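Take a look at the structure below.
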Amino acid sequence: MSDTQDKYKDTVFLPKTDFPMRGNLPEKEPEMVAKWQEMDLYGKIRQASAGKPKWILHDGPPYANGNIHMGHALNKILKDVINKSWQMMGYNAPYVPGWDCHGLPIEWKIEEKYRNAGKDKDDVDPLDFRAECREFAQEWVDIQSEQFQRLGVIGDWRIQEDASGEQVGGPYRTMTKHGEAQIAREIHKFLDNGGLYRGVKSVLWSTVEQTALAEAEVEYQEHKSVTIWARFPVVETKIDVLKGADVVIWTTTPWTIPSNRGIFYNDDIAYAVYEVTEVAEGSKVEVGAKISIAEALADKVQEQAKITSMTKLGEFKGVDVEGTICAHPLRGHKDANGGYDYDVPAHMADYVTDEDGTGFVHVAPSHGPDDFLLGQKYGLEITDNLDDDGSFKEHVPLFAGLKIYDENGKMDAGNFAPIKAMEEAGKLLAKGSLRHEYPHSWRSKAPLIFRTTPQWFIAMGENQYLKKILDNITLGNLQEVKNLFEIIDEALKNVVLGKENAFYNFLRYLEKLSPEAMAILEANLNLKKGLKIYLSEPTLRDVALKAIEETEWHPEKGKNRIRAMIEGRPDWCISRQRAWGVPIALFVDKKTGETLKDEAVLKRITDAYEEHGSDAWWSMDAQEFLGNDYSADEYEQIFDIVDVWFESGSTHSFVVNDREDLGNGEIDQVDLYLEGSDQHRGWFHSSLLESCGTKGKAPYKNVLTHGFVLDEKGYKMSKSLGNVVDPLKLMKQSGADILRLWTMTSDYAEDIRIGQSTMKNTGDLYRRIRNTLRFLLGALDGFNAAEKVDLSDLSKLPELEQLVLHQLYEMDQKLRGYIQNYEFGKLAKELHEFCNNNLSAFYFDIRKDRLYCDDPQSFERKACRSVMAEVYNCLTAWLAPILSFTAEEAWAHRPEGVFDDSDSVHLRDFPNVPKTWQNPALAGKWFGIRSIREEVFYSLELDRKEKIISSSLEANVTINLKKEELALGEEIDWAEVCIVSAANTGLMEGDTYYTGERVETEKAEGEKCVRCWKVLPEVAGHVDHICNRCDDVVNKKQAA
RNA sequence: GGGCUUGUAGCUCAGCUGGUUAGAGCGCACCGUUGAUAACGGUGAGGUCGCAAGUUCAAGUCUUGCCAGGCCCA
């Protein structure tokens, strides 16, 4: 028997293919990347889709330092899958990747290099320094480019230059000449439309290095500060007990006393006034002094001030302090020339507590972020008392020239002199010291101070003219105020009304004004008119909020997030005192403080950037920009650089608009921005503001966000936890396609986890899909155009083939729907289920008999293979966006002359699946058949347990149909569907049944056909132990 | 501390406006096959739906609090 078995084994048409079962992806993928580069796949795709409608995903630029991590991988894979999907749906979907090249982290790296070489950055020519930064950034651009391509991302990666050295096409970078020029132009647009203004902001400042520091350059170290308790005599108050008393404040920065302009209290704190009745030796307080402090802190203050006894005169609530005005402790000082005779008003501040100090906080708006912000709210003066090196300026009474820190960062006279002056004036209650965490420069290790410095802002909300009025009123510059009123009157000519929110904002704005300011305002401005001008111009905030509503956010919750941020954010500070970036490129009139707005000058600047890059700002002479109309001596050249977020926020302008292959000046909103959810604060945000400010609308129609990659347990990845997953390693171990499949089967809208079990899971999914492709290729061995049957007349096909075509149609529809609705998460799962359910477990399983054993010339077998070819045709295309390497490999193994001749699967579109294939009635019918089949399997399983049968072909079954199913008995070959040797149908009694009645199984009678393995009575009649069908196929055909 | 947000089987995910014994795929166990063979088919075991109160005739689904995560701010 084994002889005959061997004899017939060769007559079985088993699947045959070179497409290996195991992917060996780590080795094959890089070869494929090289091939794609060599054949210029991206260029070919562009050529092939030249006439198609554009669909544009605009790439958000990663920062060009360091190897890529899982977050990059997730992001770029998603972009690639989505882009390829739209491309294959019939669009022209170019992908131009980009990099963010300027900014602090790179600057540090180069600085660090200098430090290690014992050099100081300040001794290096800025142009040399920038050249090194540029080189560093480019190195990482090149590395990351390789790594992204290794992921299978197809895009415009090649940096090509034309004869003049100008880049043609290729990825974008914020540091190219054109990029820098356009960024400067965008800044100038804000200058032109009035959005840009010069204001002040509290920054951390090093008096040793004489420069502002970014938060990330700051180290917090222990520092010993001198602390003082100072007395501010009450001048005016509605609290009786407070009259004639001194409010006591506590501070760790005595040098800020000359810059004091206010006192903060908290509504919720309980305060009291105490009369000193007895003091210990060394106390600085006189008996009879009346001091006011928070009740909760009375004991501490008493001890510190060496007061042995004091009596409480009365209590009051913080909320009643409003309206109280104090005198500066140095008021009336004989040598101060009245310099400290101004009033010090008390105001409410949430951040004041009664845990430390006195419950009252002294406010120097120029020297603390809270002081500054609240000081602005209450209209407190921004003083300008300190020079860059931390010495008091000439105009500061008593302390001019004294430095607060010496060149080594040690406390100096500027810190001590104010203490001494107050002590002499009898206004020092006590003195002490405190060790606490304090910001230091990570370079010089010197302690830092807060300093309010001039910065450039883009206005979000309040009309900038009104803002200027306010600034000028508090500074007392009345002439300036009057000029502004004229501007407003001019603008009043174009007034449009009708915004309630803006109205309320305006009222709030007025509330901030001091009575004096209000008086000036009323005297000079018709309030109604002011209201009109304010309401007439929608603010940047208004425009941005409207744009948010007009954008589709996926998932939708992203909208809430960005809306809340835009609603609440302050004006955008776009200036940085740094070297590696795009200079803001402005000139300010030294006399008037006005920013020069001459178009010719601005154009000369941006032209120079275009030709030489923004290095021109340093390399060229200011007069070259200013031309003949202005003198460089009269203008301050602004060397601040622009916030990198402004740069990346401008990419829609210098990438999308300017490129022929993208917007080409015609598309001002791209289809999609796609980044991590942190970019609500970052790129989505800055791009929105930048675009709303210059174009009045968002740069995008859709925004899709993804979550963060966490470790297996859902914790953030960190070096210290040792749970970091490296995509580069992972690709070496498993391959990029595994990573891609993992991405697409996860719910990337949320944070997603990665670890051993998720990777194993993904590997299993991958193998199933790969094997489906492999089986298809095996089954299509030798298939050619001649064998292909005409699929236009579906009725001629067996129902099962019709069903599969219907399923292809359904799958195609779902796929396109998911893509259009940005539901890519469902796509991979659906494809996997399709392979698993419809193909492997059903169609393939049933059709194996036909494929292996039927006559190759039979119509049925040809029909089956023709349908298989359609399945293959669809599946390779459908999988291409996700399993880009595997689909390409499978496509390369296709039978010749049957499919289109695209050199790469990525040059294809999704096949056009005709609607005529749709057949819901048939699908419904077969849904019923499948459930009956499941019952048969259940019964067979029982027999198998009892050892009656092993293979299902050893069984015959009888299926009892319900009355309404009776037709199925005639139409369906149940033996084929259930993969048994023979099947009968009968009528089921009654309306209900249990499994025993529904299906009856028995051991098949007869002998096993050595060729097709069915057990049939007829086999006994053949010498070779084969069935009639097999006999026909093998012997009769051969004979004929 | 604030804004937004997540928590359903070992893993990845479904569960619409509250309504019968909470679903799928993978994995796992077992069986079959050895002609998709480091593959394929079948059967089955896995969940007090993060925890605790509450609203309701009825809650995974609504409310509140708590716990554990995440992003962005302070």
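Atom set for the values below is all heavy atoms of this structure, side chains included, hydrogens, waters and symmetry mates excluded. Values in this document were obtained by computation on a predicted structure and should not be read as measured data. A, B, ... follow the sequence lines: proteins, then strands. Residue 1 opens every chain.
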List for me each residue that meets ring pair (Phe, Tyr, Trp, His ring centres under 6.0 Å) alongside A:W683, sequence neighbours excluded, and say none if there are none.
->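 Only A:H58, A:Y673 meet the ring pair (Phe, Tyr, Trp, His ring centres under 6.0 Å) criterion with A:W683.
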
Pairing residues for A:K814 by the side chain to side chain donor-acceptor pair (under 3.5 Å) criterion, not counting sequence neighbours =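 Result, side chain to side chain donor-acceptor pair (under 3.5 Å) vs A:K814: A:E830.
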
All side chain to side chain donor-acceptor pair (under 3.5 Å) counterparts of A:D849, not counting sequence neighbours |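 For A:D849 the side chain to side chain donor-acceptor pair (under 3.5 Å) partners, ignoring immediate neighbours, are A:R1029.
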
So, is [X] near the phosphate of [N], with a side-chain N or O under 4.0 Å from OP1 or OP2?
{"X": "A:R944", "N": "B:rU43", "result": "no"}
{"X": "A:K945", "N": "B:rG44", "result": "no"}
{"X": "A:R847", "N": "B:rA36", "result": "no"}
{"X": "A:K848", "N": "B:rA36", "result": "yes"}
{"X": "A:N761", "N": "B:rG25", "result": "no"}
{"X": "A:R774", "N": "B:rU37", "result": "yes"}
{"X": "A:R768", "N": "B:rC40", "result": "yes"}
{"X": "A:K716", "N": "B:rG70", "result": "no"}
{"X": "A:S950", "N": "B:rG32", "result": "no"}
{"X": "A:Y852", "N": "B:rA36", "result": "yes"}

Grab the stems for RNA chain B, please: at least three consecutive Watson-Crick or wobble pairs, both distances below 3.5 Å, written as range with range.
->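 Result, WC/G-U stems under 3.5 Å: B:1-7 with B:67-73, B:10-13 with B:23-26, B:28-32 with B:40-44, B:50-54 with B:62-66.
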
With syn defined as a glycosidic angle within 90° of 0 and anti as everything else, classify B:rG70.
->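 Anti conformation here, the glycosidic angle of B:rG70 being more than 90° from 0.
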
Are A:K760 and A:D764 close enough, and set up right, to give a salt bridge (charged side-chain N to carboxylate O under 4.0 Å, His left out), and what steps lead you there?
-> CA-CA 6 Å; A:K760 184 179 179 300; A:D764 290 334; 3.5 Å; yes

Rounding to an integer number of Å, can you tell me how far [X] [atom1] sits from [N] [atom2]?
{"X": "A:W645", "N": "B:rC73", "atom1": "CH2", "atom2": "P", "value": "9 Å"}
{"X": "A:H832", "N": "B:rC13", "atom1": "NE2", "atom2": "C1'", "value": "13 Å"}
{"X": "A:F775", "N": "B:rU34", "atom1": "CZ", "atom2": "P", "value": "16 Å"}
{"X": "A:D764", "N": "B:rC40", "atom1": "CG", "atom2": "P", "value": "10 Å"}
{"X": "A:L839", "N": "B:rA36", "atom1": "CG", "atom2": "P", "value": "15 Å"}
{"X": "A:K713", "N": "B:rG10", "atom1": "NZ", "atom2": "P", "value": "16 Å"}
{"X": "A:K814", "N": "B:rA14", "atom1": "NZ", "atom2": "C1'", "value": "13 Å"}
{"X": "A:L74", "N": "B:rC71", "atom1": "CG", "atom2": "P", "value": "14 Å"}

SB check A:E567 A:R541 (cutoff 4.0 Å) |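 Salt bridge absent between A:E567 and A:R541.
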
Is it true that A:E801 and A:R865 make a salt bridge, defined as a side-chain N closer than 4.0 Å to a carboxylate O?
->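 Salt bridge between A:E801 and A:R865, a charged N being under 4.0 Å from a carboxylate O: no.
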
In whole Å, measure the gap between the [atom1] atoms of [N] and [M] for me.
{"N": "B:rU6", "M": "B:rG32", "atom1": "C1'", "value": "43 Å"}
{"N": "B:rG69", "M": "B:rC30", "atom1": "P", "value": "37 Å"}
{"N": "B:rA52", "M": "B:rG60", "atom1": "C1'", "value": "16 Å"}
{"N": "B:rU8", "M": "B:rU48", "atom1": "C1'", "value": "12 Å"}
{"N": "B:rU61", "M": "B:rG19", "atom1": "C1'", "value": "11 Å"}

Note, A:R1011 side chain near A:Y852 side chain (heavy atom, < 4.5 Å) =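 Not touching, per the 4.5 Å side-chain cut-off.
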
Answer yes or no on whether A:R894 is positioned over the face of A:F783, meaning its NZ or CZ is under 6.0 Å from the six-membered ring centre and within 45° of the axis.
->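 No, cation not above the ring by the 6.0 Å, 45° rule.
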
Encode nucleotides 4-9 of chain B as B, S and - characters from 5' to 3', where the letter depends on protein heavy atoms closer than 4.0 Å: B to the base, S only to sugar-phosphate, - to neither.
-> -SS---

Checking A:N821 side chain against A:E823 main chain: does a donor-acceptor pair fall under 3.5 Å?
->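 Not a single qualifying donor-acceptor pair exists.
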
With a cut-off of 6.0 Å (strictly less than), are more than 12 heavy atoms of other residues, nucleotides or ligands near CD of A:E549?
->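 Yes - once you tally the heavy atoms of other residues, nucleotides and ligands closer than 6.0 Å, there are more than 12.
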
Tell me what [X] touches on the nucleic acid: a base, only sugar-phosphate, or nothing, going by heavy atoms under 4.0 Å.
{"X": "A:T17", "value": "nothing"}
{"X": "A:E941", "value": "base"}
{"X": "A:D845", "value": "sugar-phosphate"}
{"X": "A:R1011", "value": "base"}

Map A:L710 and A:R767 onto RNA chain B by nearest heavy atom, then report which one ends up closer to the 5' terminus.
->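 Its nearest nucleotide lies further toward 5', so the answer is A:R767.
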
Relative to the 5' end of RNA chain B, which residue comes earlier, A:S952 or A:S677, by the nucleotide with the nearest heavy atom?
->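 Here A:S952 is the residue nearer the 5' end.
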
Among pairs that include at least one residue of residues 750-781 of chain A, which meet ring-ring contact (aromatic ring centres under 6.0 Å, His included), considering only residues two or more places apart or in two chains?
->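 Of all non-adjacent pairs touching residues 750-781 of chain A, those that pass ring-ring contact (aromatic ring centres under 6.0 Å, His included) are A:F775-A:F844.
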
Should A:F834 and A:L839 be marked as a side chain to side chain contact (heavy atoms under 4.5 Å, CB included) after you check the CA-CA gap, both sets of side-chain angles, and the distance that decides it?
-> CA-CA 7 Å; A:F834 180 77; A:L839 299 180; 3.7 Å; yes

Is there ring stacking between A:W1013 and B:rG35, where the centres must be under 5.5 angstrom apart and the planes under 30 degrees?
->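 Yes, aromatic ring over the base.
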
